[in-house]
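See below for the structure under consideration.
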Amino acid sequence: MKARKIIIPVSIIAGIAAVGAAVVALSNAASSVSYAETAEIQMKNLENKISVSGTVESSSSQKVYSKLMYPVEKINVSVGDAVKKGDVLCTINTEELQQQILQQQASVENSGISSDYNLSDAEERYTEALEKYQSGENVTLINAQKAIDQAEKALEDAKRQEKLGISSSLPTNIQSAEANVESAKANYDNAVKAYNKAVKDLEPENYPVNVRTVAESIDEYKGYLNIVQRKLYNAELESAYAKYNAAKGDYNTAKEAVSNGTASQSGLEELQEAYAAAKQEYETLQNKYDEDNLKKQIETYENQLESLIEGLEAARDNAEISVENTKLVYDKAVADLDNIKDQNNNTEESYGIAVKNAEDALETAKKDYENAVKQVESELSSLKKQAEQQRTLSGLNDPQVIILQNLKDKLEYAVITAPCDGVITSMRAEEGLIAEGPLFVIENLDDLKISSMVGEYDIPYVSEGMTATVRCDALDGAEYGGKVITVSPTSDASAASTGVNYKIETDVDGEDGKLRVGMSAKVSIVSDRRENALTVTYDALTVDGDGNDAVYIAEKGEDGIYRAKLITVEVGLETDYEIEIISSELKAGMLVLTDTTLLSDGTIVMINENTDTTAEQVTEE
């Protein structure tokens with residue numbers, strides 16, 4: 001008969017009679033030994049979130065410019081003022097302009113040309129078309145740009161579907177497997193570094209500071225002991241004693257003279273200090289060269305050094321174990337990734353075709369846009385020629401008359417008004433200075449948004465309409481609801497120094513007047529959500545013999561014995577710490593085994609039912 005080995009937790013010893021009966025049953029059926037841990041399957045709402053930082057901005061912001069390069073005459077508003085569309089913000093001094101008009105009027109009158117001039121229909125059509133082209137309001141170009149935007153969105157969707165499709169068709173998400181390999185490799189590398197450092201720390205020339213200090217103290221005191229044992233300290237000690245004895249004599253003589261009235265008190269204190277210093281030096285040397293004291297100091301430090309060395313050796317041993325364990329984890333992660341990649345080849349090809357088609361469609365849309373620009377520019381050229389011909393036929397094409405009319409038209413720009421409702425948040429206009437650059441900035445402070453940058457690995461999971469939570473540290477973590485309203489289709493070149501980033505904008509709901517433009521905010525975007533999902537931690541997930549995702553549950557039989565049962569599952573939503581598992585055989589509250597390394601279907605395990613957190617497997621040898 002084979003000898004049977006039973007591993008029993010300390011927590012069960014109190015019930016030794018019951019355990020004894022269980023051990024007999026387990027010993028008759030068990031054939032392997034391992035230790036495992038358990039956790040409950042939980043039902044909860046699971047969310048994947050992408051967190052970014054950003055800046056509070058107004059959703060509506062307009063800069064106000066002047067079309068005249070003349071001095072500002074009067075400003076009617078200040079920063080912080082609320083304005084309505086059409087309110088006069090400032091006026092421009094037109095004295096110089098009016099002088100130019102009078103001069104040009106005189107020039108026209110002296111030439112005998114009529115100054116009455118109105119634009120022809122052809123000129124108006126050309127002017128209107130040119131303004132729309134320059135302001136980006138040309139319908140043809142707008143539609144062509146929309147086609148590009150739609151093609152880019154379709155390409156983005158195809159890439160997302162490629163990523164999600166491949167992930168959902170594999171036993172484990174390949175991106176997650178790659179992350180596991182990277183994490184395991186980093187842990188292994190760190191363990192190797194820690195082991196190498198632990199080995200190096202045991203070399204005397206590389207002792208850590210605290211160990212080196214103790215070792216140096218031992219050497220120092222041994223040097224003093226050598227001096228004492230060889231009687232080499234006598235001269236130093238005799239010199240200190242002579243100095244002490246002389247200082248003592250000088251002090252006592254002066255003290256007696258002061259007492260007899262033959263000397264003053266003024267020099268006594270200085271002699272007393274010299275005496276005290278000489279005495280201290282002598283006593284220090286006596287203690288320094290005391291043989292018994294030196295031996296005690298050496299013994300104390302040697303005990304300390306021995307204890308510290310033992311600690312370094314323990315750290316080295318632990319580091320070596322860590323290297324072995326992390327190497328096993330890394331090797332398994334690499335094997336898992338290779339397995340997933342093998343299954344990925346066929347699935348990836350079909351999604352790749354869809355992405356290629358979307359890329360071709362985008363290139364076509366871009367070429368169509370280039371052709372549209374050429375078409376619009378050709379139409380503008382044709383309208384310009386028609387306008388010039390109409391002006392020639394009308395006989396009112398004298399340059400002097402046109403210059404005069406242009407000067408008169410500029411008078412309309414002397415009064416600068418608000419183009420929209422809002423609040424003046426910036427003002428560069430100053431009375432008496434030339435009106436150039438943006439004179440005012442008007443923003444709607446009742447409609448705020450957060451502008452943020454999202455990295456290239458997260459942007460595929462962000463789309464317009466997603467809900468978000470906005471927090472602001474400056475407001476003691478006040479929280480607001482939000483919604484993603486804009487996702488840039490292209491990366492932001494201005495953020496290239498920090499990697500590939502895409503700009504998004506998040507609308508803020510329920511704004512209470514405390515948020516201010518320019519504040520820093522944190523945005524948490526819900527990229528995916530599952531209601532009432534069955535969840536486990538990643539360490540509970542394993543694979544069956546066919547490579548399908550699976551978990552082991554601890555199932556109690558009619559004989560009262562727990563056995564590991566392998567159940568195939570479908571993986572759902574994955575978060576940083578938990579994963580959704582889908583199976584009709586599972587429900588909340590079941591115990592899953594989280595250490596699956598040595599388990600197989602039907603393995604007998606012993607459950608600590610007091611805590612429901614640990615299990616033990618019985619072995620026969």
Side-chain angles (χ1 to χ4, degrees), residues 10 186-259 263-327:
V10 175
N187 290 339
Y188 173 64
D189 290 343
N190 290 335
V192 171
K193 290 179 182 177
Y195 173 72
N196 291 337
K197 183 179 184 303
V199 171
K200 189 175 181 181
D201 285 347
L202 281 167
E203 299 171 356
E205 63 272 20
N206 295 313
Y207 277 159
V209 174
N210 61 327
V211 181
R212 187 165 61 249
T213 300
V214 173
E216 290 173 350
S217 297
I218 293 173
D219 292 340
E220 181 181 0
Y221 281 108
K222 283 184 175 179
Y224 293 151
L225 182 61
N226 181 54
I227 292 173
V228 171
Q229 291 173 341
R230 295 173 61 189
K231 306 297 183 182
L232 300 177
Y233 65 92
N234 288 341
E236 185 179 2
L237 196 61
E238 288 173 0
S239 174
Y241 177 75
K243 183 178 178 182
Y244 156 68
N245 209 29
K248 180 180 179 181
D250 292 342
Y251 170 67
N252 288 335
T253 300
K255 183 178 180 182
E256 184 177 352
V258 171
S259 178
S264 64
Q265 183 73 25
S266 59
L268 183 61
E269 292 180 359
E270 184 176 345
L271 291 172
Q272 185 178 12
E273 291 177 358
Y275 164 57
K279 181 181 179 183
Q280 177 67 34
E281 181 182 357
Y282 175 61
E283 290 175 348
T284 299
L285 285 174
Q286 276 186 314
N287 185 60
K288 178 179 176 181
Y289 294 120
D290 182 89
E291 185 171 355
D292 291 338
N293 180 57
L294 288 173
K295 288 180 178 179
K296 287 181 182 178
Q297 292 288 350
I298 291 171
E299 182 181 3
T300 298
Y301 279 117
E302 284 179 338
N303 290 336
Q304 287 184 18
L305 182 61
E306 182 179 358
S307 177
L308 290 171
I309 294 297
E310 288 175 354
L312 291 177
E313 289 173 342
R316 177 202 58 199
D317 295 342
N318 290 335
E320 186 175 8
I321 294 172
S322 179
V323 168
E324 294 172 356
N325 291 338
T326 54
K327 183 63 165 60

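Residues passing the side-chain contact (heavy atoms from CB on, under 4.5 Å) test with Asn187, sequence neighbours excluded: Ser183, Thr326. Tyr251 is linked by a ring pair (Phe, Tyr, Trp, His ring centres under 6.0 Å) to Tyr275, counting only residues two or more places apart in sequence or in another chain. Listed by chain and number, the residues in a side-chain contact (heavy atoms from CB on, under 4.5 Å) with Ala246 amount to none (sequence neighbours excluded). For Gln280, the side-chain hydrogen bond (donor to acceptor under 3.5 Å, both in side chains) partners at least two apart in sequence or on another chain are Thr284. With sequence neighbours excluded, no residue forms a side-chain hydrogen bond (donor to acceptor under 3.5 Å, both in side chains) with Asn252.
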Donor-acceptor pairs under 3.5 angstrom involving side-chain atoms of residues 210-221: please list them, not counting sequence neighbours.
{"unit_1": "Arg212", "atom_1": "NH1", "unit_2": "Tyr207", "atom_2": "O", "d": "2.6"}
{"unit_1": "Thr213", "atom_1": "OG1", "unit_2": "Val209", "atom_2": "O", "d": "2.7"}
{"unit_1": "Ser217", "atom_1": "OG", "unit_2": "Thr213", "atom_2": "O", "d": "2.9"}
{"unit_1": "Glu220", "atom_1": "OE2", "unit_2": "Tyr224", "atom_2": "OH", "d": "3.0"}

Check: residues 292-310 side-chain donor-acceptor pairs under 3.5 Å, at least two apart:
{"unit_1": "Lys295", "atom_1": "NZ", "unit_2": "Glu291", "atom_2": "OE2", "d": "3.3"}
{"unit_1": "Thr300", "atom_1": "OG1", "unit_2": "Lys296", "atom_2": "O", "d": "2.9"}
{"unit_1": "Asn303", "atom_1": "ND2", "unit_2": "Glu299", "atom_2": "O", "d": "3.3"}

Throw together a table of side-chain donor-acceptor distances under 3.5 angstrom for residues 189-201, partners on residues two or more places apart or in other chains.
{"unit_1": "Asp189", "atom_1": "OD1", "unit_2": "Lys185", "atom_2": "NZ", "d": "3.0"}
{"unit_1": "Asp189", "atom_1": "OD2", "unit_2": "Lys185", "atom_2": "NZ", "d": "2.7"}
{"unit_1": "Asn190", "atom_1": "ND2", "unit_2": "Ala186", "atom_2": "O", "d": "3.1"}
{"unit_1": "Asn196", "atom_1": "ND2", "unit_2": "Val192", "atom_2": "O", "d": "3.3"}
{"unit_1": "Lys197", "atom_1": "NZ", "unit_2": "Asp201", "atom_2": "OD2", "d": "3.0"}

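Every pair passing salt bridge (Lys or Arg N to Asp or Glu O under 4.0 Å) that includes a residue from residues 242-252 is listed here, sequence neighbours excluded: Lys243-Glu281.
The environment of CD in Glu256 is sparse: at most 12 heavy-atom neighbours from other residues, nucleotides or ligands sit within 6.0 Å.
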